Amino acid sequence: MLLEKYKIDEQNQSLIAGHERKLDGIAADIADYENILNKLMAFNIAIPSWALGTGGTRFGRFSGVGEPGSLEEKIEDVGLIHTLNRSSNSISLHIPWDIPDNTVQIKALANSLGLHFDAVNSNTFQDQADQKLSYKFGSLNHVDRRVREQAIAHNIEVIKYGDALGSKALSIWLADGSSFPGQLNFRKAFQNTQESLSEIYQALPGDWKVWIEYKPFEPNFYSTTIGDWGQSYLLASQLGPKAATLVDLGHHLPNSNIEQIVALLLMQDKLAGFHFNDSKYGDDDLTVGCINPYQLFLIFNELVEGMDVRGMNHASDLGWMIDASHNVKDPIEDLLQSVEAIKIAYAQSLLIDRKSLADAQQSNDVARAQEVLQAAYRTDVRPLVAEARLRTGGAIQPLQCYRNLAVRETLVNGRGKNTVATGL
Ligand code: RM4
Ligand code: MN
Ligand code: MN
């Protein structure tokens, strides 16, 4: 289905007066108003193909209704999200969950909805039906060279799909590791991973990047071969300039200072980008900003400061992507909430009085530094984010608009109630 612009305009009509009143309330206090709006309008976050259906847990999966049953329908859903929020203009594919059989047609469909393809993700954490050797005991780190070769070949195949679609990055997350002490020789496992990655690196087209994700546990529970940002950074440094570290917010042990990790990776030009989500305990893959929006703001504080110091383009010089799983909410509603939370954190970080913060830091005025940060964090920037959306043709309130226009109900009519999304 397509959402016609006039329907969104009609929805906006009843909200416009209230919106303008709220916007006037904050606009006058923002010196850099137009500049900030331009940055917000340019800022997009990619939607992963695996987040459009219901995820489920190892205990079960409770399907939603009207879920996409094909890659085409997933692209259609991202098109709907983008029509509503004008901030989700790309999709990130997981291969082989979403193999584009006809890349020309798939690319044309995405382009017709104003979308392009973000990073492609390989998958060597599951065995596929037609696969010769098993990944039960690892993939790129495996003790058996033949398994490593199979995993390398898969990654190279993923690059080929991505290249045909116009992607510019390969994102690798490995389940490789060990569940019991003694199971693996840590050094050999790391060296095998490094050798395998360097073969994949050599297959990257000239303008491509490889993003290396880390995660401390799960599905292995004793060690993970790329367990933290240091290990990912080591690999990315050994590989060369096209390799960098991808930060998935859920891939840290509790209370890790993620903003500090981000600041240092950025300093070293080794920050690839993000998989945004939120968590209370582990890799919970919850809606961005639902548990700890202040942490998200502190991350964006480091990002904006660090990117500005390096003269980077906020919208395009890093990879911005959601990596979430939906068990109880409508995936489209959840993704709209996640994108909104990211844009709010970004907008708040653009409001930080950088000069005052630097002065406070320089004079060890700790209380003032906190005041400066929290003055920005406690500003209700929702009208600003809505204004950026409105100016680009989106909905003032995307979630409300989605409900009022009965989008899910229309999808159920077309797709049926019990469709099952591929992937997780
Ligand atoms: C992993 C990791 C990867 C994602 C898979 C589905 O935990 O976050 O990025 O591709 O889940
Ligand atoms: Mn991830
Ligand atoms: Mn994850």
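Ligands are counted one by one from 1 in listed order, and the atoms in each one are counted from 1 as well. This chain uses plain numbering: 1 for the first residue, then up along the sequence. For clarity, every value in this text was computed on a predicted model and none was experimentally measured.
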Please give the atom name: the N, O or S atom of Glu213 nearest to the Mn ion (ligand 2).
OE2
Heavy-atom contact check, 4.0 Å cutoff: does Glu218 meet ligand 1?
no
Where do Leu84 and Arg389 come nearest, in terms of heavy atoms and distance?
O-CD, 3.9 Å
With a 4.0 Å cut-off on N to O distance, would you call Lys39 and Asp32 a salt bridge?
no
Any nitrogen or oxygen of Asp248, side chain or backbone, less than 3.5 Å from one on ligand 1?
yes
Which N, O or S atom of His275 lies nearest to the Mn ion (ligand 2), by name:
ND1
Ion pair Asp127/Lys136, N-O distance below 4.0 Å:
no
To make sure I understand the geometry: which N, O or S atom in Asp248 is closest to the Mn ion (ligand 2)?
OD2
Does the plane of the ring in Trp97 sit parallel, tilted or perpendicular to the ring in Trp50? Use 30° and 60° as the thresholds.
perpendicular
Which of the ligand 1 atoms, numbered from 1, are nearer than 4.0 Å to a heavy atom of Asp323:
2 (C), 3 (C), 4 (C), 8 (O), 9 (O)
Presence of salt bridge, Lys132 and Glu149, under 4.0 angstrom:
no
Counting heavy atoms under 4.0 Å, the part of Asp283 that contacts ligand 1 is side chain
Angle at the Mn ion (ligand 3): provide the value between NE2 of His251 and OD2 of Asp283, rounding to 10 degrees.
90°
Evaluate the ring planes of Tyr377 and Phe297, with Trp represented by its six-membered ring, and classify them as parallel (under 30°), tilted (30 to 60°) or perpendicular (over 60°).
tilted
For the Mn ion (ligand 2), the closest N/O/S atom belonging to Asp323:
OD2
Option whose closest heavy atom lies nearest to atom 1 (C) of ligand 1, chosen from Tyr214, Trp173, Trp97
Trp173
Aromatic plane relationship, Phe217 with Phe221 - under 30° parallel, 30 to 60° tilted, over 60° perpendicular:
tilted
May I ask you to check whether His251 has an N/O atom sitting below 3.5 Å from an N/O atom of ligand 1?
yes
Need the ligand 1 atom indices (1-based, order shown) with element for anything under 4.0 Å from a heavy-atom of His275.
9 (O)
If you measure only the distance, is there a donor-acceptor pair under 3.5 Å linking the side chains of Asn277 and Asp323?
no
